[in-house]
Amino acid sequence: QVHVVESGGGLVQPGGSLRLSCAASGSIYSISAMGWYRQAPGKQRELVATVISFVSTNYADSVKGRFTISRDNAKNMVYLQMNSLKPEDTAVYYCNARLRTGPSSRILDYWGQGTQVTVSS
């Protein structure tokens, strides 16, 4: 069984910063990618940022230059540093871990429960 747990959401004023953390634990053989997605009310879930293998990162255009994703491979953790936050960044942020639970198992996606980020004055 695999668990993915996010933390670090909250209320912040426009222009402020937040740091999200995510930990994957349980029966993990290998992790091929970890990332962050978000879903605003009435909208589809969208990619925010991912880190593939150990160093390859990918960002949504809307967050480039403001958000930074990083990964601690030893701890199976991923972080999202969010700076210069805007009201349009308001959403539930979900952590994703793409991993194998065994050497011959399929690669599957595991999701956290989500953490609310609200940017408002």
Side-chain angles (χ1 to χ4, degrees):
Q1 195 170 5
V2 175
H3 300 280
V4 178
V5 180
E6 307 99 336
S7 62
L11 173 65
V12 64
Q13 292 186 341
S17 298
L18 279 176
R19 187 183 190 228
L20 305 183
S21 300
C22 170
S25 62
S27 302
I28 299 171
Y29 175 75
S30 65
I31 299 177
S32 57
M34 294 187 78
W36 293 93
Y37 293 72
R38 67 187 181 187
Q39 187 166 17
K43 295 187 177 181
Q44 291 187 331
R45 189 174 297 189
E46 62 176 3
L47 172 102
V48 177
T50 59
V51 52
I52 300 170
S53 296
F54 299 104
V55 294
S56 177
T57 58
N58 182 39
Y59 294 91
D61 288 343
S62 60
V63 306
K64 284 180 180 176
R66 301 188 297 123
F67 292 10
T68 302
I69 190 170
S70 60
R71 182 174 160 183
D72 185 332
N73 299 313
K75 297 180 180 179
N76 290 336
M77 294 192 70
V78 66
Y79 307 93
L80 186 69
Q81 178 65 43
M82 305 185 293
N83 299 327
S84 302
L85 282 160
K86 304 175 181 180
E88 50 263 44
D89 294 317
T90 296
V92 178
Y93 283 69
Y94 295 91
C95 179
N96 168 268
R98 183 162 292 178
L99 57 88
R100 298 180 188 270
T101 56
S104 58
S105 67
R106 294 182 301 158
I107 295 176
L108 296 176
D109 284 315
Y110 292 84
W111 295 90
Q113 293 296 311
T115 184
Q116 177 69 47
V117 171
T118 302
V119 185
S120 175
S121 55

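Remember, predicted model here, so these are calculated numbers, not experimental data.
- Between Tyr37 and Val92 there is no side-chain heavy-atom pair separated by less than 4.5 Å.
- The two residues Ile107 and Arg98 come nearest to each other via the heavy atoms CG2-CG, 3.2 Å.
- Interatomic distance, CG of Asn58 versus CD1 of Ile52, reported as 6.5 Å (0.5 Å rounding).
- Inter-residue side-chain proximity for Met82 and Leu20 is flagged as met; some heavy-atom pair is nearer than 4.5 Å.
- By the neighbour-count criterion of 12 heavy atoms within 6.0 Å, atom CD of Gln113 is sparsely surrounded, having that number or fewer from other residues, nucleotides or ligands.
- Heavy-atom contacts from other residues, nucleotides or ligands closer than 6.0 Å to CD of Gln44 number 12 or fewer.
- Between atom CE of residue Met34 and atom CG of residue Leu99 there is a gap of 8.0 Å, rounded to the nearest 0.5 Å.
- In plain terms, the two heavy atoms of Gly9 and Val117 that are nearest each other are CA-CG2, 4.2 Å.
- No side-chain heavy atom of Cys22 sits under 4.5 Å from any side-chain heavy atom of Tyr79.
- From Asn83, atom CG reaches atom CZ of Phe67 across 8.5 Å, with rounding to the nearest 0.5 Å.
- Taking NZ from Lys75 and OG from Ser25, the interatomic distance works out to 14.0 Å, rounded to the nearest 0.5 Å.
- Side-chain heavy atoms closer than 4.5 Å link hydrophobic residues (I, L, V, M, F, W, Y) into clusters, and following such links, possibly through other members, connects Leu108 to Val51.
- Across all their heavy atoms, Tyr110 and Thr101 have their closest contact at OH-CG2, 3.7 Å.
- Using cut-offs of 30° and 60° for the angle between ring planes, the Trp111 and Tyr94 rings count as perpendicular.
- Asp89 and Arg66 make their closest contact through OD2-NH1, 2.7 Å (heavy atoms, listed as atom of the first residue, atom of the second, distance).
- Between the side chain of Arg100 and the backbone N or O of Ser105, at least one donor-acceptor pair lies under 3.5 Å.
- Taking CG of Leu85 as the reference point, atom OG of Ser17 lies at 6.5 Å (rounded to 0.5 Å).
- Cluster membership for Leu80 and Met77, using ILVMFWY side-chain heavy atoms within less than 4.5 angstrom, is not shared.
- Here the side chains of Leu11 and Ser120 are in contact, with some heavy-atom distance below 4.5 Å.
- Between Gln116 and Thr90, the closest heavy-atom pair is NE2-CG2, 4.0 Å.
- Across every non-hydrogen atom of Ala97 and Val4, the tightest pair is CB-CG2, 4.2 Å.
- Atom CG of Asn96 and atom CD of Glu6 lie 10.0 Å apart (nearest 0.5 Å).
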